Amino acid sequence: MEFVQRADIKRNKLPGRVVQNAVGRESAVASEKMTVSFCRYSEESGPMAPHNHAEETVVVLDGRGAYVRWGSGPDSLEHTAMLHPGDVMHFPELEWHVFGYEEKGFLDALCIYGQVTNIRPEEITGK
């Protein structure tokens, strides 16, 4: 078994989020079969743009005034749900979505992919 504490995982500040790669390629724990990352969405990283990618499961760890919007395209996110600790979201491959938060809010989540390649739309083969 490999063991790592979140506090020891490098923080990567990206547009709209801070990511800590726990399991996967170039992560704290190496894996060629899955990707698991801690993600924090807050004023620190600014707003996130709507995006899509490989199939993903997201578990809400903590949050305040956090929400998810999803739908058929980046300009047509027809659905919105407020998020609470313990909530689980499953996004099919290439479904458009975005996480957000109210003023002084945040979202802390665990993001899980069943793969280490073909995660971003430009990487997905056969699409």
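Keep in mind that what you see is a predicted model, and the values were worked out from it rather than measured.
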- Item | Under 3.5 Å: donor-acceptor pair, side chain of Thr80, backbone of Arg69 | no
- Derivation of the side-chain contact (heavy atoms from CB on, under 4.5 Å) call for Glu56 and Cys111: CA-CA 7 Å; Glu56 176 187 35; Cys111 300; 3.4 Å; yes
- Query: Closest heavy-atom contact between Leu77 and Pro50?
  - Reply: CD1-CG, 3.9 Å
- Item | Crowding at CZ, Arg25 (>12 non-hydrogen neighbours, <6.0 Å) | yes
- Can you establish whether the number of heavy atoms outside Glu26 located under 6.0 Å from its atom CD is more than 12? no
- Does one hydrophobic cluster hold both Trp96 and Phe99, with members joined at side-chain heavy-atom distances below 4.5 Å? yes
- Query: Judged by atom type as modelled, is there a donor-acceptor pair below 3.5 Å linking the side chain of Arg64 to the main-chain atoms of Lys104?
  - Reply: yes
- Could you tell me whether the side chain of His51 and the main chain of His97 form a donor-acceptor pair under 3.5 Å? yes
- Message: Counting C-beta onward and ignoring hydrogens, is there a side-chain heavy-atom pair between Met89 and Val60 closer than 4.5 Å?
- Response: yes
- Would Leu107 and Met48 show up in the same hydrophobic cluster when neighbours are defined by side-chain heavy atoms closer than 4.5 Å? yes
- Message: I'd like to know if the side chain of Glu55 reaches the main chain of Gly114, judged simply by a donor and an acceptor atom lying under 3.5 Å from each other, with no hydrogens or angles considered.
- Response: no
- Query: Is it true that a side-chain atom of Ser27 and a backbone atom of Val29 form a donor plus acceptor pair closer than 3.5 Å?
  - Reply: no
- Separation between CG (Asp108) and SG (Cys39), nearest 0.5 Å, reads 9.0 Å
- Would you kindly confirm whether Val18 and Leu110 end up in one hydrophobic cluster when ILVMFWY residues are joined by side chain heavy atoms under 4.5 Å apart? no
- Message: So does Trp70 get a backbone contact from the side chain of Glu95, meaning a donor-acceptor N/O pair under 3.5 Å?
- Response: no
- Query: In the single-linkage hydrophobic clustering (I, L, V, M, F, W, Y; side-chain heavy atoms under 4.5 Å), do Val98 and Val68 co-cluster?
  - Reply: yes
- Between His53 and Tyr113, what is the ring plane arrangement, given parallel below 30°, perpendicular above 60°, and tilted in between? perpendicular
- Say whether, by atom type as modelled, one donor and one acceptor occur between the side chain of Arg11 and the main chain of Ile9 under 3.5 angstrom. no
- Item | ILVMFWY network linking Tyr67 to Val88, side-chain heavy atoms under 4.5 angstrom | no
- Item | Min side-chain heavy-atom separation Glu102-Met82 under 4.5 Å | yes
- Item | Heavy-atom neighbours of Glu78 CD exceed 12 at 6.0 Å | yes
